[in-house]
Amino acid sequence: MKLAVLGAGAVGRSVAELAGDYGHTVTALADSSGAVVDADGIDVDAVLAAKEADGTVGSARPETALEAEYDALIEATPTTLGDAEPGFGHVEAALERDRHVVLANKGPVAERYADVRALERESAGEVLFEATVGGAMPVLSTIDDFDPEHITAARGVLNGTANFILSRMAAEGLGYEHVLAEAQDLGVAEADPTFDVEGTDAALKCVIVANVLAGERREYTLDDATVEGISSIPGSALELAQEDGRTIRLIGEVADGDVRVGPRLVPENAALSVSGTRNIVQLETEHAGRLNISGRGAGGPETASAVLADVGRLPEA
Ligand code: HSE
């Protein structure tokens, strides 16, 4: 397929770099200040080298990527709240051209899920968004395969940055600010890391799961979530938990029509006690008990692999 990639942060860059390995051609790549477009395929290595040197991928206007020749638009610009713009407008533009959309940006499906679905119904294009929940982990496709009607609840560790911070603080006794800087260096933190540490990012993922589970019955947005972050957890709380064979994890939960995110005590040897940037999602099924899905929940190549898996699920034009 021909892919137009919007966003040249860790995820957009990795999608562009890996697309060829999955048999796809990148015909456009845009960042916030420029774009490069070539219907025969851009030279990804040269474009990314130019970004490194000049701070932008190219001299064309960013909007030219939306007008390029492509089968699927990859929306990997930073997540925004409220009206989810400009991501939502990008989704709309692609669907109006009957093109597919694959989202890494959580905003459109967390804040305007019903609008996205309404646009999709009017289009020959499809919208997929596996990469928005848990990086490389196949959470949404598993829900889809299993049938959302037969999943009663979901919970898990859904923010790699917060989990990295909590694990490092507990294991090394390091301070919060120091470990947050390490997470930013790893490239897993959001453009605005308060999204990670205040629980917003985990809540957005839970809202997306809630939307997928609810289907047409109800639309969730961030306003429906009860959210508490980890920024005020002192190292001493982690030490106390450890003395008792437990630890603290930022847990998101979708159950009984509620979406909740907050720090919770969990046994150190429990499945939920993943460490580092690892994530886990537990799906409670109606007839088959619990499914655990665990893996790398953040990072450029990890999230790009979920984007490219979605591209593989799209029908050819
Ligand atoms: N900042 C996010 C995290 C990236 O740390 O999990 C994936 O959404």
Side-chain angles (χ1 to χ4, degrees), residues 7-15 74-81 84 87 102-111 128-141 154-169 176 179-212 222 225 227 229-231 233 248-254 259 261-263 272-281 293-310:
V11 176
R13 279 202 304 269
S14 289
V15 170
I74 311 301
E75 221 297 343
T77 66
T79 296
T80 54
L81 305 182
V102 175
L103 290 163
N105 175 352
K106 302 165 194 88
V109 274
E111 296 286 62
L128 294 176
F129 43 98
E130 178 67 78
T132 62
V133 178
M137 295 167 14
V139 177
L140 301 181
S141 48
R155 87 179 62 73
V157 170
L158 278 160
N159 185 269
T161 303
N163 207 64
F164 177 83
I165 292 171
L166 290 172
S167 328
R168 290 278 287 156
M169 282 173 70
Y176 168 83
V179 188
L180 172 59
E182 282 185 352
Q184 287 177 294
D185 285 346
L186 278 179
V188 294
E190 293 298 294
D192 174 358
T194 60
F195 267 43
D196 297 298
V197 296
E198 299 304 342
T200 311
D201 175 76
L204 289 167
K205 291 164 181 164
C206 288
V207 164
I208 294 168
V209 168
N211 277 325
V212 171
L222 193 57
V227 189
I230 62 157
S231 58
I233 294 177
I248 298 173
R249 289 288 176 265
L250 183 67
I251 304 291
E253 190 167 25
V254 181
V259 175
V261 173
L272 285 174
S273 176
V274 288
S275 44
T277 59
R278 248 182 132 70
N279 282 193
I280 181 168
V281 171
I293 307 168
S294 183
R296 294 189 187 177
E302 292 83 353
T303 309
S305 71
V307 166
L308 290 161
D310 267 350

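Both counts, for ligands and for their atoms, begin at 1 and track the order of listing. Sequence positions, counted from 1, serve as the residue numbers for this chain.
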Nearest non-hydrogen partners of [X] and [Y], listed with the distance:
X: L250; Y: G199; answer: CD2-CA, 4.2 Å
X: D310; Y: F129; answer: OD2-N, 3.2 Å
X: E130; Y: M137; answer: OE2-O, 3.1 Å

> If you count only heavy atoms, which residues are under 4.0 Å from ligand 1?
Replying inline: K106, N159, G160, T161, V188, A189, E190, D196, D201, K205, G297, A298

> Is the backbone of V11 close enough, under 3.5 Å, to the side chain of S14 for a donor and an acceptor to pair up by distance?
Replying inline: no

> Around R155, counting heavy atoms of other residues, nucleotides and ligands shown, do more than 12 lie under 6.0 Å from its CZ?
Replying inline: yes

> Cut-off 3.5 Å, side chains only: do N163 and R249 have a donor facing an acceptor?
Replying inline: yes

